[in-house]
Amino acid sequence: MARQNVTIHTTRPSDTKPTPEDPSWAMVIDLQKCVGCDSCTVACKAENRTPPGVSYNVVVEEETGTYPNVRRVNLPRPCMQCDVPPCVSVCPVNATYKNSDGVVVIDAERCIGCRYCITACPYGARSFDFGGTYSDEMQGYTDVQSPEYGVQRGKRGSYTPPVGTVRKCTFCTHRTARGEEPACCETCIGDARYFGDLNDPNSVVSQLAASPRAFRLREELGTEPRVWYLR
Amino acid sequence: MSTASRARGIPTTSPQRSHWWSRDPNTAPFLNPRARTIWYAVLMLALAVGSWGLYNRVFGGLATTDLTSTMPWGAWVAFYIYFVGLSAGAFLVSSLIYVFGMHQFERIGRAALLSAIVSMGVALCFIGADLGRMERAPITLLFFHWTSPLSWEVRFYTLYIALLIAELVVAIRLQKRLVRSVEAAHRTMRILGTIGVPLAIFGVHGGTGTIFAVVKARAMWAGGLFPVIFVISAMVSGTALLMAVHYWQARGAGRVPDRALIRNLSTVLLAAIFIDLGLTFYEFIVPLLAFEHHDQSIIMLQAFGPYAWTFWIVQMFMGLLLPAAIILSPLKKRTGALVAAAMICVIGIIGVRFNIVVPPLIPPVIEGYPTGDYFPTITEWLLSVFFIAGGALVYSLVSEWQPIHEPDPDDHAAIAADAGMPDAELRTEQETI
């Protein structure tokens, strides 16, 4: 397939408020269906070509109880795209902000790399790009970067943004802009991830988020995550 | 001495110096030749060694540090808050003189202001080096985000440095009797100092504490006590620093350190240490008795983790308990012992700053994540040496150039003590002149 040039319209919070026409992206992850295969993590790394030490998506494997009464939970963790994002409120230069579609985005051209947002994120969903590369183990790794936010960045240099800035899961804005699902949802072998528009009351995510099985991570912090889990 | 001040009848009281190294007869030497050679040699060596760290940082980026996305902040942030604290503490001591009229500290006034400026500069170097994209540091002044304490801090720091420089310039002009009216200059100092006190307490250092206190994701940072502890421990380190600076500069210049001044400063230091100990007690006892498990895990880490020695030995023993014990013991009669207490304290507070930054980042935010692990790399240490030596160099050069450590021209007793002659003799000499 030919590479598409996609323009993503990110609107700074001061510019416009979300309109009813804007989608309001959310994700629901069914923990009963997740088998812990990590394919979402791999798909995310491949899609976003994230460097070593940067993973937008991880799967936390948690084992509780003592044998034989053991419970194991695989907890896939993308960015929660919080509605009250602590990372956004601490950014000194407004480099990270809530987009009108509900996704928390980062302006790599403005981020100063102070990493305050990383300390502030209660979900550990942000990573700093130290400039690492897989070129030792993968041919042509630096030849092209993912068109995050629709920006074609070309080759990955040793000190060109996003190197030296903070990076995070964006629900694959470059994919959603052309009507595709985030890479992690598309690749999930157990169909454990659902992605959709909260503004549409009939969407799967709207319905599942209202399920009695639904919960959100560290809800006591009041961050209002946009990722629901089904227990 | 300007003709204007002569005409106004302000006494020209500075003693004439016969030392060959003194360029300006009104300015005492910063250091005598031997001490100067040793001091600058040490600084040059430190800068030379430290420049390797600078080279690594500039060309290797933050990958040369031990920082990761799990441990996003480390030694440089700790040193940054340490030097902001030294600055705020030194400035608050100067405000005792210029705002609250405690003239027993007059002798240290300009040194306090210069220390505050230089410490702030060093702090900004540290946090600048810690930025992923150093070249974008100036845009922090361009874009403002009102919910971010860091965004406010950048503005407070700028204001604070401008105010400190203005105050130091007036103080130096007053010292050189270049001002049109001594009273007006004193009033200006009082006004600047009065603006500076809330700026230093709430803006600069309380604000730096707020950077951490608003992070609800990290236990032991979040909370209202944090900014207060920041200010008090700033007072501890700033006072201790000034005691050490005064003592060693006087010794280096071949003068007798002002014993009364050091004793008075040690009283301030002791008071600050006691308040700090009290606040530290509350900081730990409240989460322990509330069984806040996130806080408890960090307290356990501080008290019994791999770097527990930094908490017990550096922070508690060197930073607070030992200096307090020395100041309270019969040793307090010896100036040298008080200065030793101050120097131990200055180093100990580094432990306080490290324990603020590092341990709360170690426990994973979500169970199942990797645990943080951090120890500064050689590059981080060397660059720290470079910045600290650079700050000491700037301080020394300004002290060489301007009268920073000289006693006030009206303080006859101090001048007499300095010149090694009895007060009466000096006065007679001046009258003759």
Side-chain angles (χ1 to χ4, degrees), chain A residues 52-55 58-64 73-75 77 86-97 107-133 158-159 161-168 217-218 220-223, chain B residues 58-65 67-74 76-77 80 127-128 130-155 210-212 214-219 221-222 294 357 360-361 364-370 372:
Chain A
V54 178
S55 279
V58 293
V59 180
V60 185
E61 290 166 15
E62 223 185 309
E63 213 172 270
T64 49
V73 176
N74 304 303
L75 188 91
R77 193 241 56 213
C87 53
V88 167
S89 70
V90 298
C91 178
V93 291
N94 265 319
T96 181
Y97 53 95
D107 183 348
E109 308 305 321
R110 191 186 282 192
C111 174
I112 59 171
C114 68
R115 310 183 297 289
Y116 194 3
C117 53
I118 301 184
T119 67
C121 174
Y123 305 101
R126 287 175 169 247
S127 312
F128 182 74
D129 191 336
F130 284 89
T133 168
S158 60
Y159 194 64
V163 175
T165 70
V166 173
R167 302 179 60 172
K168 68 181 283 295
L217 287 186
R218 300 190 75 175
E220 75 281 3
L221 294 176
T223 51
Chain B
V58 170
F59 294 99
L62 287 179
T64 57
T65 65
L67 300 172
T68 56
S69 295
T70 313
M71 281 297 302
W73 286 348
W76 292 339
V77 172
Y80 148 69
I127 202 60
D130 194 67
L131 293 183
R133 299 203 70 92
M134 288 191 279
E135 78 283 4
R136 291 183 187 168
I139 72 163
T140 50
L141 282 169
L142 203 62
F143 301 115
F144 177 60
H145 192 193
W146 75 274
T147 55
S148 169
L150 193 51
S151 201
W152 285 96
E153 281 319 288
V154 177
R155 281 147 188 88
T210 311
I211 291 177
F212 296 87
V214 300
V215 179
K216 63 184 166 190
R218 307 284 174 172
W221 279 1
H294 285 122
V357 175
L361 290 172
V365 279
I366 286 178
E367 224 170 298
Y369 281 4

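Chain letters run A, B, ... following the sequence lines, proteins first, then strands; residues in each count from 1. Atoms considered below: every heavy atom in the structure, side chains included; atoms not considered: hydrogens, waters and symmetry mates.
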Where do B:Leu67 and A:Arg115 come nearest, in terms of heavy atoms and distance?
CD1-NH2, 3.5 Å
Quick check: do B:Trp146 and A:Asn94 have side-chain heavy atoms less than 4.5 Å from each other?
no
Look at A:Leu217, A:Ile112, A:Val60 and state which one has the largest set of heavy-atom pairs under 4.5 Å with chain B.
A:Ile112
When A:Gly131, A:Pro86, A:Ser89 are compared by non-hydrogen pairs under 4.5 Å with chain B, the top option:
A:Ser89
Options A:Thr223, A:Val163, A:Thr119, A:Ile118, ranked by heavy-atom pairs under 4.5 Å with chain B, top entry
A:Thr119
Counting heavy-atom pairs under 4.5 Å with chain A, which one of B:Tyr369, B:Phe144, B:Trp152, B:Trp73 comes out on top?
B:Trp73
Non-hydrogen atoms of chain B under 4.5 Å away: do they reach the side chain of A:Ala108, the backbone, both or neither?
backbone
Is there a side-chain contact between B:Arg133 and A:Pro161 in this structure, where contact means two heavy atoms from C-beta onward sitting under 4.5 Å apart?
yes
Proximity breakdown for B:Thr210 and chain A, heavy-atom pairs closer than 4.5 Å
backbone
Could you check whether any side-chain heavy atom of A:Phe128 comes within less than 4.5 Å of a side-chain heavy atom of B:Pro72, counting everything from C-beta outward?
no
Per-residue tally against chain B (heavy atom, under 4.5 Å) across A:Arg126, A:Glu109, A:Glu61 peaks at A:Glu109
Can you tell if the side chain of A:Tyr97 reaches within under 4.5 Å of the side chain of B:His145, non-hydrogen atoms only?
no
Validation row: B:Arg136, A:Thr165 side chains within 4.5 angstrom (heavy atoms):
yes
What's the shortest heavy-atom distance between A:Phe130 and B:Ser69, and which atoms?
CE1-N, 4.1 Å
Just so I understand: if I count every heavy-atom pair under 4.5 Å between each of A:Cys111, A:Cys121, A:Gly132 and chain B, which residue has the most?
A:Cys111
Quick check for you: among B:Ile127, B:Val77, B:Leu361, B:Ile211, which has the greatest number of heavy-atom pairs under 4.5 Å with chain A?
B:Ile211
Heavy atoms only: give me the nearest B:Met134-A:Tyr159 pair and the separation to one decimal.
N-OH, 3.7 Å
Cut-off 4.5 Å, heavy atoms of chain A, and the answer for B:Val215 is side chain
Side chains of A:Cys114 and B:Leu150 in contact at under 4.5 Å (non-hydrogen atoms):
yes
Options A:Ser127, A:Gly124, A:Cys91, A:Ala120, ranked by heavy-atom pairs under 4.5 Å with chain B, top entry:
A:Cys91
Please determine whether the number of non-hydrogen atoms from other residues, nucleotides or ligands lying under 6.0 Å from atom CD of A:Glu220 exceeds 12.
yes
